[in-house]
Amino acid sequence: MLDIKYIKEHIELIREKLQQRGDTTDLGKFLEYDQERRTILKESEELKHQRNLFSQQIGVLLKKGKVADEIDTVKMKETSNKIKDLDEKLKITQINLESFLHTIPNIPHSSVPIGSDEKENEIIRHWGKIKSFSFEPKAHWDLGESLGILDFLRSSKITGSRFSLYLGKGALLERALINFMLDLHTKQHGYTEVVPPFMVNSTSMFSTGQLPKFEEDLFKTSQEDFYLIPTAEVPLTNIHREEILEEDCLPIKYVAYSPCFRREAGSYGKDTRGLIRQHQFNKVELVWFSRPDNSYLNLELLLQDAESVLQILELPYRIVNLCTGDLGFSAAKTYDIEVWLPNQKMYREISSCSNFEDFQARRGKIKYKDKEKGKIKFVHTLNGSGLAIGRTVVAILENYQEEDGSITIPKALQPYLGGITKIEKAH
RNA sequence: GGAGAGGUGGCCGAGUUGGCUUAAGGCGCUCGCCUGCUAAGCGAGUGAAUGGGGAAACUUGUUCCGAGGGUUCGAAUCCCUCCCUCUCCGCCA
């Protein structure tokens, strides 16, 4: 959510930035509502001032022993009714204004390339050497099924399409990756580990920006106002909702494993096979609460933390700076980490690291006390996947496959799989 | 699910016969003084949101005591609905 004052003072800049995003919000309407709101507010406040003065006088008169019917209350009754009418009007205008505000996306940072879709994203750098195979590398779903560690037929029987069933060493690999990443981020990168609720209320979803605009992407329980989280970003960012943090505590860095639930509405026919696009998948998520002045430096640090996972696993990847048209609703800047998949012969997103500036903080009222000026300001929130577990499994299966269909376990991961070095077909 | 208690500023906490509460007091924090360090002590300051005026320091108004309604000239205080926390009971991994 943007600051009303900032919008008013930078109306042309906002228009331009929204256009770069491909957003078609009519800001003229917004200014009208704001003008209307201030007019009504002023009128109502003046009447309230009168009412306050008058009722104070009544208090004094009664103390002096005057009787109630010596006091003219008819006029004040009228004033009270007027106030009531005005406040009702004000409420409607306020709702109109807010629903505007709630659906305006964040403003892209100046370092974000201008473009309309992912084709215009900026490739920042590459890491690692792409392995050349002496045979045609297989897709992870073929590898997984023939090794007996993935079973998509049975998962769709149990639930439906876009769900998965890991078995044996596959399940172990998934669990090993979760533990490996949690250990890395807590022990090497200074994150505090969290096990959050996997369902949240609508207020939490509003803070991070999933609601009100993207309800159709979420799973919701039918009996309560609870939503299944699409990412641990939601509960982690909401840990400090409606709080005022001490500046000395910043930055706060949380890491959590969670399953993620996404309806994937509008992605019919995309990535229908395999683990790439699931209604439920596991992820280790990193969330930062930062001072505003160094949040972009912290974004680089967050990105490094996420990257290091792939470096240790020795999986080649590249870093992409998303262009204005490809940016998510709440983000001011996003780096995607894309891992190399030899079967598809392309890079696929495995992590997304963003700075939301004060967009989420304003929605969730997450503030801190500035030591120097003693002022209360909004924090900046950042988050990134560190990493998506399912897609990491995909990358390992495809990059570490041998000609006989077996999978070599990356060295750093072997202790987490009880020392085994290979996944082979069980006989 | 049943019964009871409660929800007040960054934190603790007083205030429920409706009216100098303009939310006491304490802790914490900031600044200053004192003490050759530290601790203690003394003094002053210190809630949030939002509207107006001002270049700014600042000034002035309104709202906020879990949320939303109601009664009243006037509500932290009375009434209704809902949410949350705690204790006990029930059910349960």
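Atom set for the values below is all heavy atoms of this structure, side chains included, hydrogens, waters and symmetry mates excluded. Chain identifiers are assigned alphabetically (A, B, ...) following the order of the sequence lines, protein sequences preceding nucleic acid strands; residue numbering begins at 1 within each chain.
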Legend entry - d(CD, A:Glu247; P, B:G28) in whole Å: 21 Å
Inset, instruction - Using the salt bridge (Lys or Arg N to Asp or Glu O under 4.0 Å) rule, collect all pairs that involve residues 79-100 of chain A, keeping only residues at least two apart or in two chains. - result: A:Lys48-A:Asp87
Inset, instruction - Produce a footprint string for nucleotides 44-53 of chain B: one letter per nucleotide, 5' end first; B if the base is under 4.0 Å from any protein heavy atom, S if only the sugar-phosphate is, - if neither. - result: ----SSSSS-
Inset, instruction - Assess the side chains of A:Asn294 and A:Ser290: does a donor N or O sit below 3.5 Å from an acceptor N or O? - result: yes
Legend entry - Pair A:Asp293 + A:Arg291, salt bridge at N-O below 4.0 Å: yes
Inset, instruction - Examine the side chains of A:Asp305 and A:Ser308 and answer whether a donor and an acceptor come within less than 3.5 Å of each other. - result: no
Inset, instruction - Grab the CD-C1' distance between A:Glu243 and B:C11 for me, whole Å please. - result: 12 Å
Inset, instruction - Would you kindly say whether A:Thr186 and A:Glu193 are connected by a side-chain donor-acceptor distance under 3.5 Å? - result: no
Inset, instruction - For B:G15 and B:A56, measure between their P atoms and round to the nearest Å. - result: 44 Å
Inset, instruction - Please give the nucleotide sitting opposite B:A67 as a Watson-Crick or G-U wobble pair, both distances under 3.5 Å, or none. - result: B:U81
Legend entry - Base paired to B:G4 (Watson-Crick or G-U; both N/O distances under 3.5 angstrom): B:C86
Legend entry - Euclidean distance for P, B:C65 against B:G70 (whole angstrom): 15 Å
Legend entry - Partners meeting ring pair (Phe, Tyr, Trp, His ring centres under 6.0 Å) with A:Phe198 (sequence neighbours left out): none
Legend entry - Inter-nucleotide C1' distance (B:G68, B:C58), Å rounded: 37 Å
Legend entry - A:Tyr400 versus A:Glu314, side-chain donor and acceptor atoms under 3.5 Å: no
Legend entry - Inter-nucleotide C1' distance (B:U35, B:G41), Å rounded: 9 Å
Inset, instruction - Tell which nucleotide pairs with B:C92, taking only Watson-Crick or G-U wobble pairs whose two distances are both under 3.5 angstrom. - result: none
Inset, instruction - Rounded off to whole Å, could you give me the CG-to-P distance for the A:Leu53 and B:G61 pair? - result: 9 Å
Legend entry - Atom pair distance, as rounded to whole Å: CG in A:Leu47 and P in B:C73: 17 Å
Legend entry - Separation of B:A55 P from A:Glu9 CD (nearest whole Å): 14 Å
Inset, instruction - Send over the distance from A:His240 NE2 to B:G10 P, rounded to a whole Å. - result: 16 Å
Inset, instruction - Report the residue (A:Gln50 or A:Gln56) whose heavy-atom-nearest nucleotide on RNA chain B is the more 5′ of the two. - result: A:Gln56
Legend entry - For atom NZ of A:Lys48 and atom P of B:A75, their distance in whole Å: 11 Å
Legend entry - Inter-nucleotide P distance (B:G9, B:G51), Å rounded: 24 Å
Inset, instruction - Hunt down the Watson-Crick or G-U wobble partner of B:U50, both distances under 3.5 Å, from any strand shown, or write none. - result: B:G61
Inset, instruction - Return the orientation label for the A:His109 and A:Tyr296 ring planes: parallel under 30°, perpendicular over 60°, tilted otherwise. - result: parallel
Legend entry - For atom CD of A:Glu46 and atom C1' of B:U60, their distance in whole Å: 12 Å
Inset, instruction - Before giving the answer on side-chain contact (heavy atoms from CB on, under 4.5 Å), spell out for A:Lys220 and A:Asp225 the whole-Å C-alpha distance, their side-chain angles and the decisive distance to 0.1 Å. - result: CA-CA 7 Å; A:Lys220 190 182 182 192; A:Asp225 177 37; 3.8 Å; yes
Inset, instruction - Quote, to the nearest angstrom, the C1' distance that separates B:U8 from B:U16. - result: 12 Å
Inset, instruction - Could you tell me which nucleotide pairs with B:A39 by Watson-Crick or G-U wobble geometry, both distances under 3.5 Å, or answer none if nothing does? - result: none
Inset, instruction - Starting at the 5' end of nucleotides 78-83 of chain B, put B wherever the base has a protein heavy atom under 4.0 Å, S where only the sugar-phosphate does, and a dash everywhere else. - result: ------
Inset, instruction - For the residue pair A:Asn106 and A:Arg21, establish whether any side-chain heavy-atom pair is separated by less than 4.5 Å. - result: yes
Legend entry - Pairwise C1' distance, B:A23 and B:U30 [rounded to whole Å]: 23 Å
Legend entry - Check ion pair A:Arg277-A:Glu264 (N to O, under 4.0 angstrom): yes
Legend entry - Residue-phosphate contact under 4.0 Å: A:Lys77 side-chain N/O, B:C73 OP1/OP2: yes
Inset, instruction - Using both distances under 3.5 Å as the test, list the Watson-Crick or G-U wobble partner of B:C20, or none. - result: none
Inset, instruction - Between B:C34 and B:C42, how far apart are the C1' atoms? Round to whole Å, please. - result: 8 Å
Legend entry - Side-chain H-bond candidate by donor/acceptor type, A:Thr208 with A:Glu233, under 3.5 Å: no
Inset, instruction - Work out which heavy atom in A:Ala306 is nearest to a heavy atom in A:Ile337; give both atom names and the distance. - result: CB-CD1, 3.7 Å
Inset, instruction - Please state whether the phosphate of B:U62, meaning OP1 or OP2, lies under 4.0 angstrom from any side-chain nitrogen or oxygen of A:Asn52. - result: yes
Could you go through residues 247-257 of chain A and list every donor-acceptor pair under 3.5 Å that involves a side-chain atom there, pairing it with any protein atom two or more places apart or in another chain?
{"from": "A:Glu247", "atom 1": "OE1", "to": "A:Lys371", "atom 2": "N", "distance (Å)": "2.6"}
{"from": "A:Asp248", "atom 1": "OD1", "to": "A:Lys371", "atom 2": "NZ", "distance (Å)": "3.2"}
{"from": "A:Asp248", "atom 1": "OD2", "to": "A:Lys371", "atom 2": "NZ", "distance (Å)": "3.3"}
{"from": "A:Lys253", "atom 1": "NZ", "to": "A:His189", "atom 2": "O", "distance (Å)": "2.7"}
{"from": "A:Tyr254", "atom 1": "OH", "to": "A:His240", "atom 2": "NE2", "distance (Å)": "2.8"}
{"from": "A:Tyr257", "atom 1": "OH", "to": "A:Asn282", "atom 2": "OD1", "distance (Å)": "2.9"}

Inset, instruction - Find the partner of B:A76: check Watson-Crick (N1-N3 plus N6-O4 or O6-N4) and G-U wobble (N1-O2, O6-N3) distances, both under 3.5 Å, and reply none if neither fits. - result: none
Legend entry - Contact list for RNA chain B against residues 79-92 of chain A - heavy-atom distance below 4.0 Å: A:Ser80, A:Lys84, A:Lys91
Legend entry - Short side-chain N/O contact from A:His49 to OP1 or OP2 of B:U62, under 4.0 Å: yes
Inset, instruction - Can you tell me the pairing partner of B:G45 across any strand shown, Watson-Crick or G-U wobble, with both distances under 3.5 angstrom? - result: B:C29
